[in-house]
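Below is one structure, written out as structure tokens; the observations come after it.
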Amino acid sequence: MPDSVMRESVLRESETHTLVIGGGVIGCAIAYECAKQGLAVTLLDKGTIGSEASQAAAGMLGAQVESHHDGPFYELCKASRDLYRTWTDELEQISGCSIDYIANGIVRVALTETDEVELKGRLPWFGDGVKWQTREQLLTLEPTLGEEVRGGIYFADDHQVHAPKLSEALHAALRTLGVRMIEHADIEQWLLDEQQSHVRGVQLADETIMSTQTVIAAGAWSQSLLEPFDLHLPIQPVKGQCYAVRPQKPVIGHTVFTKGCYVVPKLDGSLVIGATEERSGFDKSINPDAVDTIQQTVIKLLPELARATFERTWTGLRPASADGMPFLGKAPRWDNLFVAAGHYRNGILLTPITAKLMSALLLGQPTTIDLKPFAVDRLL
Ligand SMILES: Cc1cc2nc3c(=O)[nH]c(=O)nc-3n(C[C@H](O)[C@H](O)[C@H](O)COP(=O)(O)OP(=O)(O)OC[C@H]3O[C@@H](n4cnc5c(N)ncnc54)[C@H](O)[C@@H]3O)c2cc1C
């Protein structure tokens with residue numbers, strides 16, 4: 001190793017304590033919480049910060065609309081939703097960026113009898129305050145719902161944010177907090193100790209970065225990153241395609257959601273509509289037919305949107321774990337390697353709680369939630 005690189009690596013060893021791999025909302029938020037609490041952090045991304053799944057998301061904080069049964073995952077989602085407002089208020093202050101938090105709920109409607117039965121089956125564990133609403137009751141909330149809407153549930157506390165703006169705010173806050181961020185970072189080699197139980201850092205093309213603890217938060221790419229550690233984490237990319245339209249006048253005031261389709265009103269008057277679920281590897285190509293397919297359900301949901309102006313379409317790769325829950329915690333057999341990945345359809349919602357729990361682990365503090373159900377080795 002040339003002298004200059006050697007000197008730099010020694011310097012960084014004394015400076016950098018926490019190395020975060022992955023600059024989506026999950027990696028950025030972990031870096032943010034750690035930096036706020038005084039840890040020195042370096043964050044690496046193979047591309048640019050916030051440019052993968054995190055920029056594709058519709059931004060729903062759907063703790064209830066996205067949960068199909070009671071249990072630890074539902075509790076995790078609710079805990080994150082409860083944190084959101086305060087957490088993003090502080091993020092907005094530190095970053096100077098708005099993330100467009102909108103505190104109106106989600107109207108989850110049934111278009112078919114089967115969907116109605118499934119939805120009604122969820123009511124007992126949602127608890128008080130969440131009731132079945134008839135079609136007439138829903139029309140008082142959203143008067144333009146289509147004729148096929150049978151009824152549904154109004155989730156008043158499932159709010160939303162602007163997902164790309166959340167990434168931008170995190171990026172700006174990391175700059176403010178002095179986190180070193182390296183984009184287009186290509187990890188050439190992991191630096192491991194002889195016992196193969198301790199990560200010492202990474203070798204990039206032009207720099208060695210030493211770390212005392214490392215977090216893998218690389219979304220859909222986490223599986224391949226963990227292979228060198230003999231960890232075969234079941235996380236697969238699931239492509240989602242969304243599109244945006246602009247109606248001539250406001251059509252809805254809440255997010256409207258049904259099986260396989262949602263319409264999310266944004267502050268600028270546009271509507272984000274999604275999304276497909278495609279298991280086609282790391283292919284991110286746009287399918288022109290996907291918009292037409294989703295639009296068929298949208299017309300049943302909100303017929304007035306047939307006249308809205310199409311603006312653009314995009315895709316992203318959701319990091320889907322085999323059981324739909326994220327992996328949060330220390331990697332088995334490694335004493336300073338951590339994983340926060342596999343947030344699938346709910347990574348925006350789960351950002352604050354993931355950041356809080358992971359930073360507690362990295363700081364050696366107790367966590368507010370039992371992490372056993374999310375253990376990294378639960379499916380190995
Ligand atoms: C269409 C769509 C709609 C969605 N809607 C919602 C929603 O409404 N609400 C919600 O809560 N969630 C939603 N999601 C899910 C949410 O977007 C994800 O769960 C979340 O963004 C995952 O964040 P992440 O940081 O784990 O992954 P990503 O945002 O994908 O970030 C991973 C990062 O790791 C980097 N990386 C990969 N490999 C390496 C490497 N070798 N070295 C360094 N860096 C690497 C990548 O470049 C990337 O920047 C949606 C997703 C999609 C696709």
Side-chain angles (χ1 to χ4, degrees), residues 19-31 42-63 65-66 77 80-81 84 106 158-164 166-167 170-171 181-188 190 202 204 209 214-228 235 237-244 255 257 261-264 266 272-278 282 284 286 290 294 313-321 324-328 339-355 358:
L19 178 62
V20 179
I21 313 291
V25 285
I26 298 300
C28 286
I30 294 168
T42 296
L43 182 139
L44 305 184
D45 198 284
K46 70 168 175 49
T48 54
I49 289 179
S51 62
E52 293 289 351
S54 299
Q55 60 74 42
M60 290 174 290
L61 309 178
V65 82
E66 287 276 347
C77 289
S80 203
R81 192 184 66 180
Y84 232 98
I106 299 183
D158 278 359
H159 299 159
Q160 60 140 315
V161 297
H162 192 287
L166 174 64
S167 286
L170 283 164
H171 194 173
M181 291 174 273
I182 307 177
E183 296 186 314
H184 306 291
D186 185 12
I187 297 175
E188 290 194 339
W190 287 98
V202 287
L204 304 182
I209 299 182
T214 297
V215 187
I216 306 285
W221 294 265
S222 299
Q223 185 183 56
S224 57
L225 266 167
L226 285 160
E227 294 289 337
I235 297 181
V238 174
K239 181 164 82 172
Q241 185 168 335
C242 284
Y243 61 101
T255 294
F257 191 123
C261 165
Y262 49 73
V263 184
V264 188
K266 294 294 171 184
V272 171
I273 301 179
T276 61
E277 288 217 41
E278 302 165 61
F282 288 91
K284 288 196 289 181
I286 285 172
I294 301 172
T313 183
W314 64 90
T315 65
L317 299 174
R318 304 179 188 91
S321 65
M325 304 206 296
F327 295 99
L328 305 172
V339 179
H343 293 71
Y344 194 25
R345 293 174 58 96
N346 297 293
I348 303 298
L349 164 67
L350 292 172
T351 293
I353 195 72
T354 300
M358 293 305 296

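Note that ligands are numbered from 1 as they come in the structure, with each ligand's atoms numbered from 1 the same way.
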Using a strict cut-off of 4.0 Å, indicate which atoms of ligand 1 neighbour a heavy atom of Asn346. 10 (C), 11 (O), 12 (N)
Nearest protein heavy-atom contact for atom 8 (O) of ligand 1: which residue, which atom, what distance? Met60 N, 2.9 Å
Which residue from Gly342, Gly219, Ser54 reaches closest to atom 23 (O) of ligand 1 through any of its heavy atoms? Ser54
Does any part of the side chain of Leu170, heavy atoms only, come nearer than 4.5 Å to the side chain of Val25, both counted from C-beta? yes
For ligand 1, does Val264 get within less than 4.0 Å through its side chain, its backbone, both, or neither, judged by non-hydrogen atoms? neither
Answer yes or no: is there a side-chain heavy-atom contact under 4.5 Å between Val339 and Leu226? yes
Compute the shortest N/O to N/O distance between Ile26 and ligand 1 and return yes if it is under 3.5 Å, no if not. yes
So, Glu277 and Lys239, do they make that salt bridge, N to O below 4.0 Å? no
Heavy-atom check, side chain of Gln160 versus side chain of Lys266, under 4.5 Å: yes
Does ligand 1 have any atom that is closer than 4.0 Å to a heavy atom of Ser51? no
Below 3.5 Å, N or O to N or O, backbone or side chain included: is there any such pair between Ala58 and ligand 1? yes
What is the minimum heavy-atom distance between Ala217 and Ile26, and which atoms define it? CB-CG2, 4.1 Å
Mind checking whether Ile187 has an N or O less than 3.5 Å away from an N or O of ligand 1? no
Approximate separation, where rounding is to 0.5 Å, of Ile348 CD1 and Ser54 OG: 5.0 Å
Measuring from the heavy atoms of Cys242, does anything fall under 4.0 Å of ligand 1? yes
Considering non-hydrogen atoms of the protein only, which is the closest contact for atom 20 (C) of ligand 1, and what is the distance? Gly347 CA, 3.8 Å
Near Leu349, which atoms of ligand 1 are under 4.0 Å from a heavy atom of that residue? 10 (C), 11 (O)
So, do Cys242 and Ile273 sit near enough that their side-chain heavy atoms are less than 4.5 Å apart? no
Heavy-atom distance to atom 6 (C) of ligand 1: which of Cys77, Ala340, Ala57, Ala185 wins? Ala57
Given Thr48, which partner from the list Gln55, Met181, Glu183 fulfils the side chain to side chain contact (heavy atoms under 4.5 Å, CB included) test? Glu183
Suppose I only count heavy atoms of Ala56 and a 4.0 Å limit; which atoms of ligand 1 are within that range? 1 (C), 2 (C), 3 (C)
Within-4.5 Å side-chain heavy-atom neighbours: Tyr344 and Met325: no
Evaluate Tyr344 for polar contact with ligand 1, using N/O atom pairs at a separation under 3.5 Å. yes
Measuring from non-hydrogen atoms of Gly23 to any atom of ligand 1, is the shortest distance under 4.0 Å? yes
Among all protein non-hydrogen atoms, which one is nearest to atom 22 (C) of ligand 1, and what is the separation to 0.1 Å? Pro319 CG, 3.9 Å
With Glu66, which of Arg345, Arg81, Arg318 fulfils salt bridge (charged side-chain N to carboxylate O under 4.0 Å, His left out)? Arg345
Numbering as shown, the atoms of ligand 1 that approach Gly316 to under 4.0 Å (heavy-atom distance): 53 (C)
Compute the centroid of each ring, for Tyr243 and then for Trp314, and state whether the two points are separated by less than 6.0 Å. no
For ligand 1, which atoms, with element, lie under 4.0 Å from some heavy atom of Trp221? 30 (O), 37 (C), 38 (N)
Side chains of Val20 and Thr214 in contact at under 4.5 Å (non-hydrogen atoms): no
Would you say ligand 1 has an N or O under 3.5 Å from any N or O of Ala275? no
Which residue pairs pass the salt bridge (charged side-chain N to carboxylate O under 4.0 Å, His left out) test when at least one of the two sits in residues 49-62, sequence neighbours left out? Lys46-Glu52, Glu52-Lys284
If I apply the N/O under 3.5 Å rule, does Asp45 come out as touching ligand 1? yes
Separation of Ile235 CD1 from Ile216 CD1 (nearest 0.5 Å): 10.5 Å
Under 4.0 Å between heavy atoms, the region of Trp314 that gets near ligand 1 turns out to be neither
Counting from 1, what ligand 1 atoms have a heavy atom of Leu225 closer than 4.0 Å? 39 (C), 40 (C), 41 (N)
Geometry only, no angles: is Leu350 polar-contacting ligand 1 at N/O separations under 3.5 Å? no
Kindly indicate whether the side chain of Leu43, heavy atoms from C-beta on, has any atom under 4.5 Å from the side chain of Ile182. no
Would you say the side chain of Leu225 lies within less than 4.5 Å of the side chain of Ile187, judging by non-hydrogen atoms? yes
Atom 17 (O) of ligand 1 has as its nearest protein heavy atom Ala53 O, 3.2 Å
Residue part near ligand 1, for Arg345, under 4.0 Å between non-hydrogen atoms: backbone
Taking atom 43 (C) of ligand 1 as the reference point, the nearest protein heavy atom with its distance: Lys46 N, 3.1 Å
Could you list the atoms of ligand 1 found under 4.0 angstrom from a heavy atom of His343? 19 (O)
Judged by heavy atoms only, the candidate from Glu52, Lys239, Arg318 nearest atom 52 (C) of ligand 1 is Arg318
Of all the atoms in ligand 1, which lie at a distance below 4.0 Å from a heavy atom belonging to Gly24? 25 (O), 29 (O), 31 (O), 33 (C), 49 (O)
Can you tell me which residue and heavy atom of the protein come closest to atom 42 (N) of ligand 1, and the distance to 0.1 Å? Ile21 CG2, 3.6 Å
Distance alone, cut at 3.5 Å: any donor-acceptor contact between the side chains of Thr354 and His343? yes
